[in-house]
Amino acid sequence: MAYDRDNIFARILRDEIPCDKVFEDDHVLAFHDINPQAPTHVLVIPKGEYVSMDDFTANASDVEVAALFRAVGAVARELGLAGSGYRILANHGPDSHQEVPHLHVHIFGGRPLGPMLIRG
Ligand code: 5GP
């Protein structure tokens, strides 16, 4: 899938749309989801133009890949989720209901999250 430079997260990265930032470094931005599905719901995104985890891990540098995963852990710690627990999730493609075609890792926490997937 070709990268769409007008997707909403590309626009957030260009500061065209505001976000409620929780973490930023040279390679990663993390911000609260606009429609939270849990008391804590944060999105962690690479700054590079990657659609999905398979695109990212095939084409990003080792530094970018490490930065994304270190940021996920750092955000979980900084938001106080490491003790109570949290879930990470990254959707890609139609079967997953991916809405925004820029790789993002969801972090959910702050309440018991129930079973992993809705059946059916
Ligand atoms: P997906 O379904 O692609 O895995 O998740 C996309 C997520 O992006 C959804 O949880 C949705 O609420 C969130 N989202 C969509 N537009 C915006 C926005 O403009 N700002 C923020 N902070 N989150 C957004």
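Numbering of ligands and ligand atoms starts at 1, following listing order.
- Residue-level proximity to ligand 1 for Phe9 is carried by the side chain, the only part with a heavy atom below 4.0 angstrom.
- Considering each of Val100, Asp33, Ile17, the one bringing a non-hydrogen atom nearest atom 7 (C) of ligand 1 is Asp33.
- A donor-acceptor contact shorter than 3.5 Å is absent between the side chain of Lys47 and the backbone of Glu24.
- Between the side chain of Arg5 and the backbone N or O of Glu49 there is no donor-acceptor pair closer than 3.5 Å.
- Side-chain N or O atoms of Gln37 include one that pairs as donor or acceptor with a backbone N or O of Asn35 at under 3.5 Å.
- The N/O atoms of His32, backbone and side chain alike, include one that comes under 3.5 Å of an N/O atom in ligand 1.
- For CZ of Arg87, the number of neighbouring non-hydrogen atoms (other residues, nucleotides, ligands) closer than 6.0 Å is greater than 12.
- Ligand 1 lies within reach of His106, whose nearest heavy atom is under 4.0 Å from it.
- Of all atoms in ligand 1, listed by their number and element, those nearer than 4.0 Å to a heavy atom of His97 are 2 (O).
- For ligand 1 and His104, the ligand atoms under 4.0 Å from any heavy atom of the residue are 1 (P), 3 (O), 4 (O), 5 (O), 6 (C).
- Summary of contacts: the protein heavy atom closest to atom 24 (C) of ligand 1 is Ile34 CG2, 3.4 Å.
- When Leu13, Val51, Asp4 are each tested for a side chain to side chain contact (heavy atoms under 4.5 Å, CB included) with His102, only one passes: Leu13.
- Residues His106 and Asp33 meet the side-chain proximity criterion, which asks for heavy atoms closer than 4.5 Å.
- Within ligand 1, the atoms closer than 4.0 Å to a non-hydrogen atom of Asn91 are 1 (P), 2 (O), 4 (O), numbered from 1 in the order shown.
- Ligand 1 places these atoms under 4.0 Å from at least one heavy atom of Asn35: 12 (O).
- The closest side-chain donor-acceptor pair between Glu64 and His27, if any, does not fall under 3.5 angstrom.
- Ranking the protein heavy atoms by distance from atom 3 (O) of ligand 1 puts Glu99 N, 2.6 Å first.
- With a 4.0 Å heavy-atom cut-off, ligand 1 is reached by the side chain of Ile8 but not by its N, CA, C or O.
- Side chain of His104 to backbone of Val42: no donor-acceptor contact under 3.5 angstrom is found.
- The closest approach between any non-hydrogen atom of Leu43 and ligand 1 is below 4.0 Å.
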